[in-house]
Structure formats: structure tokens, C-alpha cells
Participant: 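Dropping the structure in here first, questions after.
As the structure is a prediction and not an experimental result, all values here were calculated from the model. Because only heavy atoms are used, hydrogens play no part in the values below, and waters and symmetry mates are left out as well, while side chains stay in.
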There are 2 protein chains.
Amino acid sequence: MPEGNSNGSRSRAGRTEGGRRRLRSALAVAALDLFASKGYDATTVEDIVEGVGVGRRTFFRYFRSKEEVVFPDHDERLAEVVEELERSDADASPMRVVCRAAETVLETYLAEPEISLKRFELTRQVSSLRDREIVSIDRYQRVFARYLRRCYADGPNADLRASVTAATVVATHNHVLRRWLKSGGEIDAHGALRAALDDAGIVDREPSGASGGAGESENDVVIGVLRTSAPAETVRRRIESALREFPGSG
Amino acid sequence: MPEGNSNGSRSRAGRTEGGRRRLRSALAVAALDLFASKGYDATTVEDIVEGVGVGRRTFFRYFRSKEEVVFPDHDERLAEVVEELERSDADASPMRVVCRAAETVLETYLAEPEISLKRFELTRQVSSLRDREIVSIDRYQRVFARYLRRCYADGPNADLRASVTAATVVATHNHVLRRWLKSGGEIDAHGALRAALDDAGIVDREPSGASGGAGESENDVVIGVLRTSAPAETVRRRIESALREFPGSG
DNA sequence: GATGCTAACGGCACTGCGTGCCAACAGCAA
DNA sequence: TTGCTGTTGGCACGCAGTGCCGTTAGCATC
């Protein structure tokens, strides 16, 4: 009789389906409450499960680690982004696709502001959680880079261009997210992201009339930045780099 | 008599100064050897200290954790970069300073190729070590961004520009480092970094004659990239962004 | 040479995370 | 009732990392 539980009444009811998500949620809520009240390090898994009335072993069946309870279903989120990239229109500008994906990521934070803000507070205080978040952000960046690398596959310096572009988009996303978090979720994050992507020199908006063909490009003005004293190779590279921003040329 | 050590003869010699570094090095070597031979996870701290003939407790006096033995004196390296940025010429182009710093970081890898390559092999196999490296790379990026933020302090969008530039430089550095590691340390990493920074559209080279003054800028040609259908605000931003690349205008 | 001080080391015990294993139990089908 | 499956709790275990204390080497001092 392993029912030697000091906790008398517990709904040991069979959780075939919906019960699992309820319990998972209950564990997460209890954990975050404790983390906020007595600190992350001072909170043991024992403390968490005690409040929910469940065994310590069960906790690790719902979360791989104590840290994961702070970033639940992060894998699913990442998988969603991967899927979004994979099913993206092959004709669309890769830059635009990635920017959309960044917007999707931002959306996951905006969808539940109170949780995001609470997590932000936690990650600010606990270094191990901060590190964990850095790692998950890097996962997104990797996924972006992989997608872009495929798009650029035939061009020169595909790998470098993909890495740099992914880094730029992610850095911009993080900048906006940070501002949103620091504002307590007040500012218009979507608008800020659009503006920031624009400021960062990334083409996000679809050109007004054209759909990516080369026919309308006569209206475009190409401007680059270089010195007349620069070597010819540099000039070539810079112009190539500039041309990449136009759809249909990548 | 807690000298109940099964290990009979051990040089319990007094290590006042040089002995510390020797022991630290011996521990690191023993650890890396074991990691390579029987795997990181399968190697316990007990195993490591056993070969060196030292107590388990002592290991943690030399390394804060089992992971740190793979990335020794990473904090010092970071501190060196911070110092390099702080004592940089205030008149120099911030972009150039950061690129130099990235070169310094690359140099720390090139200085001891066999260790870097061994560590690369380890981080490829062990996810926790990979995560750890991602975090330390992010530390550099943060330091770069902080420096650039100060330089851009008076300009518009200083924070965003600093973050994006830092991300770009770091991504470029990582790209080159990765290629160097994958080549087994064969390729010319320095040259590759210069070329990559150039490809990524970053101004690294000092202009041939001028020293950053405005007097010589008549020789410069300003070229940007935008669409004629873009709103006026976008045009203004893009031109501003282009002008930033010239020394004396940031 | 005896004494005291400091720094490093070894060992021990302890906390806490994460895991493997097993018995118990609910739900369902035959 | 019997068998099968999935979930749970408890238990034991390995291991990382820490606090504590006794011991020892090295050095200065009397």
C-alpha cells in the first residue's frame, strides 16, 4: 500500500487526456509562484510537488528538469517555427519569410503577457535561467540560418550571408522584445518590430505593386556605400550584397 | 589520521605559486583525455582526480564546475576583451574597434589549435557543453553591444544599432571560426575573417589616406539601397544608416 | 628549535537534481 | 474474472556541488 501519503484527500482520478494538461499547468503555476516568492534556487522540486499533492517522481515525468518548468513547450514553439519556414512560399523573399517567422516568435510572447513578464523577472534574477533563455534564442537563430542557407544555396557566401542575416533578425527581435518587457507589456511590439526591422536595414514590407518579379524593378534605385579608394573586389562585393535585397535576385 | 589514501606515493609538495597552475593544468589535461576516451557524461569528477592523485574536493577549488574544465579561464578572456574595448582610441571608428576585438577573440582560439579542436569535438557531441559555449559567445556579443551603445549614445536608435552590429560581427566571427575548426585548423582564419567582415558589409579597413576627418570625404561615393516606392521616412533612415559607416559621422 | 599564522588539501557529510526500477492502481477489452 | 496498458508513488541510486573541519606544508617570529 504505497498510499502512505500524508496528504489525505487527493483526486487520484484517472487522467486519460485532459487531466494531463491540467496537472502540467498546475505544476507550472505552483512552481512559478514559489520561484517568485522564495526564489528559484531556494525552491526544491519537493516544495513544488508538495503544494500540488503529487509525487516528486511525477514532476520529472511532466518536465525534463526544474528549469524546463520556466520555459514550457519551448520545443513545440521551435517546431512550429520550423514548420512555418518549411511551408513558406518558395517564391517569397527569404528575408520576408524570416521576418514573418520572427514576428511569430514575438507573438508567442505577446500571447500571454503576464507569463512572459513573470518569466522575464525570473530570468533577470537567476543566471542559470538567463543562460537557458540565451540557448533557446540561439536555437531560433540556427533555424533561421538553416532556412536562409537553403535559399541562398546557389549564391556565393551562402553560409555567411545566412548566418549574418539570421543574427540581424534575431537581434532586432530581441531588441524589441526587451523593450516590450521592460515597458511592462505596454508598447506596441508589432509596430516596434516593423520599425526596427526597417531601421536595421532589413526589407520587410512587400513592394507595393510587384510580387517579386523582375519586371517592375526598373522603378528601383540601387544605392550602396563604399569609398572610391576601395579595391575593385570590395566594390563588386558590396554591389552584390546590395542587389541581394531585391526579390528575384537571391 | 585522514591520510587513509589508497594512493601511496603522492607529491604532496607545497605549491605556493607555480604549483597551482601546474595542478590546474594537470587536472584539465586529465579531464579532457577522459572526456575524449570514455565520454563526457560517463566521466565523473572522481575519475578525473583519481588519475591526478588529488582529492575530489580539490577539483572544485580549481574549477567551479565539471563543465568549466572544458572552457578554462573564459572569464579572463572576456575581461581582456572588455579592457581592450575600454582602452580603445576614442577617435577610432567603433566598428573598427569591435572588429579588432573580434579578431582578438579569434586569436585566442588560434593560439592553441589542438585544444580548440579537441574542445570543438567535445562540444559537437555533448549538448550541455554546446549550450555552455553558446552562452559564452553571447557574453562577447553583449560586451560588444554595450561598447557600441556608448559610442552611439547620442545618435538615434543607439540600442538597436548597437545590438544589430554586435550580432553581425559575432555571427561573422563565428562563421569563420566554424570554418576554421571544420578545416582542422588549416585555413587562414585571419584572412577569412577580414574577407567575411568585408562580405558582410562591415567596414574594417582603415581608409587609405584619411584619418577620419571630414576633409577627405569628397572622394567618397555614397550609395544606399532602397526602392523609389519606399516612404520618405524609410529613405531618410536608410541614408542615415549609410552615413554612419563613415568615420567622423557616427 | 619551538611557536604561531596562513594557505592549501583531504575527507566527510549533506543537499538536491535527475533516473531506473518496481509495485500499485485505474481504465478498458475480451 | 482475466489480461493489457498507461499513469503514479516510492525507493534507491549516482553524481554534482558545498560547507565544515582536521591536517599538513611553508614561512615568519620569538
Participant: If the sugar-phosphate is the primed atoms plus P, OP1 and OP2 and the base is the rest, what is the B/S/- string for nucleotides 12-19 of chain C, using protein heavy atoms under 4.0 Å?
Facilitator: BB--SBBB
Participant: Got a second to check how far B:D138's CG is from B:S136's OG, nearest 0.5 Å?
Facilitator: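 Nearest 0.5 Å value for the CG-OG distance: 9.0 Å.
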Participant: In whole Å, what is the span from the CZ atom of B:R61 to the P atom of D:dC21?
Facilitator: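 Computing the B:R61:CZ to D:dC21:P distance gives 14 Å.
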Participant: Separation of B:R22 atom CZ from C:dC9 atom C1', in whole Å?
Facilitator: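 So the CZ-C1' distance, B:R22 to C:dC9, works out to 16 Å.
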Participant: Indicate whether any N or O donor in one side chain lies under 3.5 Å from an N or O acceptor in the other, for B:S128 and B:D131.
Facilitator: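 No donor-acceptor contact under 3.5 Å links the two side chains.
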Participant: Do B:H190 and B:E107 pair up side chain to side chain, a donor and an acceptor below 3.5 Å, judged on atom types alone?
Facilitator: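 Yes, because at least one side-chain N or O of B:H190 sits under 3.5 Å from a partner of the opposite role on B:E107.
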Participant: Take atom CG of B:L27 and atom P of C:dA8, then tell me their distance rounded to the nearest Å.
Facilitator: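 In whole Å, C:dA8 P lies 15 Å from B:L27 CG.
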Participant: Starting from P on C:dG27, measure out to CZ on A:R20 and report it in whole angstrom.
Facilitator: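 Rounded to the whole Å, the gap is 16 Å.
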Participant: Among side-chain atoms of A:E68 and A:H74, is any donor-acceptor pair under 3.5 angstrom?
Facilitator: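 Per modelled atom types, A:E68 and A:H74 side chains form no pair under 3.5 Å.
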Participant: The criterion is side-chain contact (heavy atoms from CB on, under 4.5 Å); which residues satisfy it with A:I137, sequence neighbours excluded?
Facilitator: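 In terms of side-chain contact (heavy atoms from CB on, under 4.5 Å), with neighbours along the sequence ignored, A:I137 is linked to A:E133, A:V170, A:N174.
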Participant: To the nearest Å, give me how far apart OH (A:Y62) and P (D:dG6) are.
Facilitator: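 Going from OH in A:Y62 over to P in D:dG6 covers 14 Å.
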Participant: Under the ring-ring contact (aromatic ring centres under 6.0 Å, His included) test, which residues partner A:F59, sequence neighbours left out?
Facilitator: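 So A:F59 forms a ring-ring contact (aromatic ring centres under 6.0 Å, His included) with A:F63.
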